[in-house]
Amino acid sequence: AAKVNGGRQQRYLPILDERATEHAELGAQLRTGLDDGQFFLVYQPIVELPGGRVSSVEALVRWRHPERGLVNPVEFVPVAEHNGLIVELGAWILRESCERLQAWRAELGPAAPERVSVNVSARQLSEPGFPALVATVLRETALPAACLTVEVTETAVFDSSTALDALRAVKALGVRIALDDFGTGHSSLGLLRTAPVDVLKVDKSFVDDVAGPGEQSVIATALIDVSNHLGLTAIAEGVETHEQADALYRMGYRYVQGYLFGRPSERPDFAALALAG
Ligand code: C2E
Ligand code: CA
Ligand code: CA
Ligand code: CA
């Protein structure tokens with residue numbers, strides 16, 4: 001290895017090595033995981049206030065890894081983005097989500113959620129075939145386009161004309177577009193005018209403090225005002241307490257998501273949830 005000065009690198013480099021090795025290892029295992037069906041989706045309700053009716057669900061990917069057990073998407077989605085497998089994994093996630101909602105619609109009728117929301121990463125969105133993939137999946141699953149929402153982060157669309165074109169093409173199919181984690185990226189209110197956005201997902205970091213003293217909730221207040229003025233639907237993410245839900249409702253939020261209303265699950269119980277809300 002390289003010559004070391006002061007011992008500082010000695011402690012630092014092995015950690016970097018370890019992380020890089022782990023990254024490479026996970027990356028290689030993603031391929032096997034896809035081939036062996038180790039991925040599955042969980043669904044978290046997005047509910048309407050007051051009353052807690054489930055209006056839609058967000059699909060979130062999970063990896064049942066043969067040695068590591070359940071691996072969190074914050075660990076493997078960036079790896080899949082890095083090695084490009086997110087394109088194939090993302091296509092599977094999209095199809096699986098649409099099939100699942102179709103099955104719920106057939107089984108539950110009007111008690112089924114109206115929409116499924118699917119996270120789409122920057123890399124996936126910039127892939128030339130993305131709008132065509134969405135069209136194909138909708139056709140093959142026979143899911144109405146109005147039943148699908150695509151969630152993208154500000155970072156994915158900011159400064160990328162390819163991503164913006166893709167969003168416009170997807171929106172033209174009749175699919176809704178949600179800006180995820182709003183307020184945490186290169187936030188620019190200007191993006192709300194140029195990007196074809198229907199839904200603003202207000203990040204958990206702005207929801208955490210809404211039940212606290214006045215000035216802590218100014219961002220959450222500003223974002224519901226912006227949404228209302230621009231005719232967008234706002235969804236507050238990461239709602240964990242009744243106090244937060246009450247404060248958000250008083251600010252004007254009508255759609256919320258968070259552990260208070262339901263953790264992500266393979267098979268959420270929509271009826272029980274609506275009563276409990
Ligand atoms: P996200 O899209 O912002 O998803 C919300 C995350 O917050 C989820 O974590 C969810 O389980 C968690 N969450 C929901 N309610 C609460 C709450 O009340 N309190 C707390 N503490 N957390 C809450 P998860 O499932 O681990 O996903 C993390 C991130 O991984 C997602 O953030 C998204 O960026 C990415 N991800 C997950 N599934 C997919 C996917 O299918 N495709 C892509 N491209 N990315 C995904
Ligand atoms: Ca999301
Ligand atoms: Ca989010
Ligand atoms: Ca997030």
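Note that this is a predicted model, so its numbers are computed, not measured. Order of listing sets the numbers, starting from 1, for every ligand and every atom in it.
For the pair OE1 of Glu237 and OD1 of Asp180, the angle whose vertex sits at the Ca ion (ligand 3) is 110° to 10 degrees.
Counting heavy atoms closer than 4.0 Å to ligand 1, residue Arg263 contributes nothing at all. Within the 4.0 Å heavy-atom criterion, neither part of Lys201 lies near ligand 1. If you look at Gln257 next to ligand 1, there are no close heavy atoms at all, none under 4.0 Å.
Among the atoms of Ser117, no N, O or S atom falls under 3.0 Å of the Ca ion (ligand 2).
Using 4.0 Å as the threshold, Glu81 has no heavy atom nearer than that to any atom of ligand 1. Ligand 1 lies out of reach of Gly90, whose nearest heavy atom is not under 4.0 Å from it. Using a 4.0 angstrom heavy-atom cutoff, Glu58 counts as in contact with ligand 1.
Atoms of ligand 1 lying under 4.0 Å from at least one heavy atom of Glu240, given by number and element, are 17 (C), 18 (O), 19 (N), 20 (C), 21 (N).
Using a cutoff of 4.0 Å between basic side-chain nitrogens and carboxylate oxygens, Glu107 and Arg267 are scored as salt-bridged.
Closest heavy-atom approach to atom 23 (C) of ligand 1 among the candidates Tyr259, Phe76, Trp92: Tyr259. Of the candidates Ser117, Ser121, Gly258, it is Ser121 that places a heavy atom closest to atom 44 (N) of ligand 1.
Of all N/O/S atoms in Asp181, OD1 sits nearest the Ca ion (ligand 3).
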